[in-house]
Amino acid sequence: MVKVFDCPKSLTDMPTHYCPGCTHGIIHRLIAEVIDELGIADKAVGVAPVGCAVLAYNYFVCDMQEAAHGRAPAVATGIKRVVPEGVVFTYQGDGDLASIGCAEIVHAAARGELITTVFVNNGIYGMTGGQMAPTTLPGDKTSTSPYGRDTKKQGFPIRVSEMLATLDGPAYIARVSVHNVANIVKAKRAIKKAFEYQIAGKGFTLVEVLSTCPTNWGLTPKESLEKVQRDMMPYFPLGDYKDIEAGEKK
Amino acid sequence: MVKVFDCPKSLTDMPTHYCPGCTHGIIHRLIAEVIDELGIADKAVGVAPVGCAVLAYNYFVCDMQEAAHGRAPAVATGIKRVVPEGVVFTYQGDGDLASIGCAEIVHAAARGELITTVFVNNGIYGMTGGQMAPTTLPGDKTSTSPYGRDTKKQGFPIRVSEMLATLDGPAYIARVSVHNVANIVKAKRAIKKAFEYQIAGKGFTLVEVLSTCPTNWGLTPKESLEKVQRDMMPYFPLGDYKDIEAGEKK
Amino acid sequence: MTLGVIMAGFGGQGVMLMGQLLTYAGMLDGKQVSWMPSYGPEMRGGTANCTVIIADEEVGSPLVTSPDAVVALNLPSLDKFEDIVKPGGLLIYNSSLINRPPTRTDIRIIAVEANDIATGLGQPRVANMVALGALLEATSLISEASLEQALRNILPAHRQELLPINLQAIARGRASVEPVLA
Amino acid sequence: MTLGVIMAGFGGQGVMLMGQLLTYAGMLDGKQVSWMPSYGPEMRGGTANCTVIIADEEVGSPLVTSPDAVVALNLPSLDKFEDIVKPGGLLIYNSSLINRPPTRTDIRIIAVEANDIATGLGQPRVANMVALGALLEATSLISEASLEQALRNILPAHRQELLPINLQAIARGRASVEPVLA
Amino acid sequence: MKQRVLMKGNEAIAEAAIRAGCRFFFGYPITPQNELPEYMSRRLPEVGGTFVQAESEVSAINMVYGAAGAGARVMTSSSSPGISLKQEGISYMAGAQLPAVIVNIVRGGPGLGSIQPGQGDYFQSVKGGGHGDYRLVVLAPANLQEAVDLVTEAFDIADLYRNPVLILGDGLLGQMMEPVEFRQSTPRELPAKDWATTGLCNHNGQKNVINSLVLHAIDLEAHNIHLQEKYALIKVAEQKAELLHCDDAELVVVAYGSTARIVKTAIAQLRDQGHRVGLLRPISLWPFPEDAFAKVMPVAKDFLCVEMSAGQMVEDVKLVVNGARPVHFYGRMGGIVPTPNEIATQVLQIMGVK
Amino acid sequence: MKQRVLMKGNEAIAEAAIRAGCRFFFGYPITPQNELPEYMSRRLPEVGGTFVQAESEVSAINMVYGAAGAGARVMTSSSSPGISLKQEGISYMAGAQLPAVIVNIVRGGPGLGSIQPGQGDYFQSVKGGGHGDYRLVVLAPANLQEAVDLVTEAFDIADLYRNPVLILGDGLLGQMMEPVEFRQSTPRELPAKDWATTGLCNHNGQKNVINSLVLHAIDLEAHNIHLQEKYALIKVAEQKAELLHCDDAELVVVAYGSTARIVKTAIAQLRDQGHRVGLLRPISLWPFPEDAFAKVMPVAKDFLCVEMSAGQMVEDVKLVVNGARPVHFYGRMGGIVPTPNEIATQVLQIMGVK
Amino acid sequence: MAKVTFNEERCKGCELCIHVCPVKIVIMQKKFNKRGFNPAGVSDMSKCIACAACARICPDVVISVDK
Amino acid sequence: MAKVTFNEERCKGCELCIHVCPVKIVIMQKKFNKRGFNPAGVSDMSKCIACAACARICPDVVISVDK
Ligand SMILES: Cc1ncc(C[n+]2csc(CCOP(=O)(O)OP(=O)(O)O)c2C)c(N)n1
Ligand SMILES: Cc1ncc(C[n+]2csc(CCOP(=O)(O)OP(=O)(O)O)c2C)c(N)n1
Ligand code: SF4
Ligand code: SF4
Ligand code: SF4
Ligand code: SF4
Ligand code: SF4
Ligand code: SF4
Ligand SMILES: [Mg+2]
Ligand SMILES: [Mg+2]
């Protein structure tokens, strides 16, 4: 018998604290698989955000730092400058990265900082109980947009990948999704490419992953995956937004 | 005899503290002319930045607030929400807007906040004595890039207009220049359009103005204008980046 | 007189609401009351509990270290709180989900088949009300009238149709106490 | 002994460098020294000044309220500092640019045509050195050797060719003092 | 008696603010105060007000600056790390003399710490976590009725003195429910906000500027002296404290906020046992209620300061007592709420009982 | 005697840091400390180090967090408003026990204030401007030689105790030039940074985590107790103060940093006139040099605290003196540097002369 | 022959694996695991094609697949 | 006839006006204003075409133009 699929070595045994069906867990696994495949567990340093993934430092078998809310790219910059031979990644939610940490991610990208960011876009503040995120879709109800996000007063969702792709510092920026198996496979490919580009010193890399929050969306895990495809993907189209090896496209 | 050109009423008599030949003065005058022409001096509220224009509150004949470094868009948001019938503008340098205040401008733009930002891009921190700005050109020497801006370590300039144009909140975003008379005339037109769009409630508006810093560039005022055309304009192309009335272009 | 009650269960079993109803009823009875949730690092699906104080004087600490009564809707809650019930106090546990009987002998213990009774009523989600009914019956913490009024006030306008089933559940909870006393 | 000197002029006249040279020379003479610039809100093109202390003991305040000597390279500086020179102190002013003579009678006053002399040397920018020469001559603050050494050390390697013209300016400044004393 | 409603602390504070005329709220989510902005996001639109979820706490406090400068009654709230981020903005508001109410529902620190209740932000609140010489008026309610009442006070004090006011709560207060009554307070006479930047047309064409920059040292000193004079006035006029059983108390426990509740329970026990113990509960942490200390000094032999911190208010107690009596300290940290028994034990130890 | 070089304060601090082995600097421009990052941007590349101009002070302190967590000797510097922005990050560093050196070249406040020297950030520095119970070691040099010497000390203390150290200067110190000598200090024995996140391959495959989150109250309390025990050690071991003419001083002036220089000039004058006046100059502001006070108490009848603030350190002086002697205060604000004459006048008034 | 193994104690009963199995053999079990969830399992292992879809979608690395 | 007026005390002598005048009549004066700058002026007003280029480029609103 041959192993077709097994738990990656770069994940610890500790069960995660994520809610049932939350796709944070899938994304964690993909990162761990990539770390395994690239054989970089012993030189990877991860940076956990403040968000539902705040305990991510418990789940990866590599050195980790827990950053202040939104500041993971700055923390990662500090680490990478000290350990240039290390492989440094941040794992950040949409509140963390696109709201409070907006300046940090823009500037890490503009600096072409040699780090990889996995950006988990679930359109909500999961950890704090379902408040509006910068990526919450127009009309969606959250605990701070109880009447539905009104673009007149609360503005429009930010398309982070498109925005960062206007900069010269990034080497690779892609938006992927984990709402079905085919996309999970693609998502892993993107994350792997991002890490490879970092290792090759090509520039800043970011993979935006459309993710779910069944708990705060008030949907079952399955319905949540459907919402990603039905509602999120039209607003946040999947694709490579920047690939210095391939030229820009979209 | 008819007046062909006179000092706008919306500028106070106070001579500015700007260095000889600094184009901050031209940009001030253009804003004042627009305020005059639109007849909005009695309902305009300006927000001064921290930067060489920190004393801008002395120069405009309208209510003014002095914001913390980078936070003018947040301050303007507070004002506009309280005085929705007012015409609220921020005046910000590139350090103020594109560096420390990066999150604030991105989010004011994403919210479609009904304010107008005049963004003075002189590729340097004027007030603090010539440090590198996010818009400093590759290779340019500043007091914190003494060996010339090395894109490998210090990253690439941020093109603010292009970046913000990826958002859905802005109604009008344009880059103009004041390095010669023809462009000064165009710059004024852009600033006027921005104010008009704000008054019409169309959305967030921003005019990026390429400007000079003879003192910290170590050039004469005339050489500085030449540098704008020769060095800055290729990296920061002029044009409308977003105009919801005209569709996006570039 | 100051009485402290801890109510505990899985998230989703409605222990928070149960505690709020008790508190509300106490307030309507003219008592001094407070309600304090646990809001720790537990994730959704984990355990949840709240502390209710009903007193004649100003409420000092809204927390209690030895509660006068504990209502435990699941096993982890029983495990966690059985030991701290004040000697002579009351422990109500949901015998539908808890398969080990409590071991304390110095307190009054009431088993309520909360889930079974609720399911019997055709509405499994009112198990918490069944337990609350048992508490009402077993103590003189609050009056029945106030509890009913509290329920009316707390149910939002578009949910008032749920009033009867909740009242029924409370009644069945009260009724379930007798056999244990016997 | 603690002596305080204020040097003032337009930004660009080189008062800061002049003060640094004086301080450096004092240090080479084995004295305790400090240099403190004004770094106020004045814009470029405005006035600039610095305070130099040369002392035998540890320098306390690096600022002085009544300086032992003032070197004023332009009119606003003279206006600002003439009054605070310590009685019996020294005031050197740049008579090339300042057209009103000082009015104090309780201090020693030296007029130096700093700009004219510098222009005469073919290098208008060494007017500050001319004034410094005058100060060297009129006081015993520092030694000539130390000043020359300071100049050598402060000039960056690729600017050493400017040494002669600076030394010349200092010499002419020294020379210019005589007539006034006469 | 007016109607009492059962509310969560965070929501009660929000509702009280709306009743006090607050129509603008700028905030950012953080536990354990999320119900406050959430409530505002539901309620403010109903009363014609505006709720904005800012991109960060830094941005939120600067929105508050702008709105306060435009003359609004405006509030923001956060919890410890978020309040740290607001320090620059708070210093600016104090410098520009802008009235606003800031709520800190303190959690365990330092750093990310935990979300459990704490009182480790006392120094930051009363000594000034931001730069420069400034003071916030700091009000620390111990129950929800008081929280509700102090919110109105806070807005009035802010407007009267043109100074930000901080309401210092903690997770316990924010998360608990108690009955509250929204009563009409006797309004203070407040000056018109003729300094607000609402556009020249709204104030007779005279230009208004909101600013904290004062370039020349002599002017900035004058500005600072003005601020200090204002603080001196506040110090005289705005001290608030509760004294409980202090008339004959040989040992006075000093505690504020939630901790004071626990202390009350402990004191009730101790009094039952016949011990002469009292409570001095500072309600205004700045100005620190020095007058209240003067009242208890004649009888008190010892002071015991109890805090959910390593000991911060204890310094202010020592400063008031000035060596005249021993000042003891008992503290718990990290989100641990002390029990009445623990406190009683400390008291008895100091009193030399048993 | 080694060679003395004439340097600006900001540059001398930067050079001293490099000589102390600092190879990483993250900062953001602000007057009056700009020469410090500028110097670093020139010099660090020459020694194989890294200078990054961060996008803000918030980002800078978090870069420092990352770099310190990866085991580097790292520094940041700023001035008042910028330091306020760093408060959240500083609290995180204290919580995660990360060693680094932070320089604050204080200016006039509050708010934008001015760029002139000030000492209004004392409270923020020593009481904790951030949230939670933590302490920075705070060192306040009074001249450039001392600044240079203390920089090495600061890095060593930071590494020894795994705690951030703040160097508190002001515009005067940052902008002035004085001769300095970079001398070899006797290095302390420092523990290996085996906790740093440099990748598993660099520390035997054992996972390292840098973190300040401690979810359970009981654990967070334990963590806080550990921090407090560490602070207690520091309090014993790291007090620093200068005593000048205190042996027979009836009046002891207490002043730190630049102000202490002015006080020295004043005292020289007063001594010349025969007055028994001394100076107690705290060099470590936290831990506050209580031991030095014990030394002067037997003779001192009065204390006069002089600050460029509305009176902040005066509270710590009062806490030490604990009512045993009168503590007077004289302060200037807003960037005004007091003159020796002003101070002498105050002293004479207190001494009842004339 | 294909074999799918469930680390039942890790399962949170989210049911995502059920929906992606092309041969519809993944089911939820009646029993509870220690954390109170009904874990997933396979009804008829012989039908399994070892596609690993279930494993790939599982957020909790419950499933391993052999062939 | 065109007329260009210089508010000389505001002039900072930056010389930008000189370069933009299409008829090259703007010059720097020898005298100093109170702030120590040589103010700009016009050498031969009759040549002025009132194009206001000088006024538009002036950063210090020194110049007004009549026609
Ligand atoms: C300075 C600061 N502000 C706010 C918070 C509270 N907070 C914790 S997580 C979070 C948002 C999390 O949302 P997101 O980044 O989208 O992650 P998710 O939980 O959705 O995965 C917030 C606001 C904090 N811890 N620190
Ligand atoms: C929080 C904070 N950080 C830094 C500063 C110092 N500072 C003042 S102006 C400025 C940059 C100004 O540059 P820019 O915005 O480009 O305006 P310019 O002077 O070039 O017009 C900086 C960093 C400050 N005042 N406050
Ligand atoms: S709250 Fe939402 S994002 Fe967070 S673990 Fe639960 S489902 Fe996932
Ligand atoms: S420093 Fe530069 S930007 Fe500032 S006023 Fe002078 S020339 Fe203009
Ligand atoms: S491996 Fe494929 S076929 Fe087998 S159980 Fe999983 S999803 Fe079904
Ligand atoms: S996807 Fe994983 S966690 Fe969810 S039910 Fe299936 S095995 Fe369990
Ligand atoms: S108006 Fe035109 S022609 Fe006349 S002086 Fe000015 S630039 Fe020259
Ligand atoms: S452009 Fe204006 S400031 Fe410059 S020289 Fe001409 S008139 Fe003077
Ligand atoms: Mg999210
Ligand atoms: Mg600039």
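The chains referred to below are lettered A, B, ... by the order of the sequence lines, with proteins before strands, and numbering in each begins at 1. Note that the structure is predicted; figures quoted are calculated from it, not measured.
Of the atoms belonging to B:Leu11, it is side-chain heavy atoms, and not backbone ones, that fall under 4.5 Å from chain H. For B:Leu30, no part lies near chain H; criterion is any non-hydrogen pair under 4.5 Å. Neither the backbone nor the side chain of B:Pro214 has a heavy atom closer than 4.5 Å to any heavy atom of chain H.
When all heavy atoms of B:Pro20 and H:Cys14 are compared, the closest pair comes out as C-CB, 3.7 Å. Smallest separation of non-hydrogen atoms from H:Ala52 and B:Val4: CB-CG1, 4.1 Å.
Within 6.0 Å of atom CG in B:Asp13, 12 or fewer heavy atoms from other residues, nucleotides or ligands are found, so the atom counts as exposed in its surroundings. Atom NZ of B:Lys3 has more than 12 heavy atoms from other residues, nucleotides or ligands within 6.0 Å.
For a heavy-atom cut-off of 4.5 Å, chain B lies close to H:Ala55, H:Arg56, H:Ile57, H:Cys58, H:Pro59, H:Asp60, H:Val61, H:Ile63, H:Ser64, H:Val65, H:Asp66, H:Lys67 in residues 55-67 of chain H. Proximity to chain B among residues 15-32 of chain H is limited to H:Leu16, H:His19, H:Val20, judged by heavy-atom separations below 4.5 angstrom.
Ranked by heavy-atom pairs under 4.5 Å with chain H, the list B:Met1, B:His28, B:His24 is led by B:Met1.
Formation of a donor-acceptor pair under 3.5 Å by the H:Lys12 side chain with backbone atoms of B:Tyr18 is found in this model.
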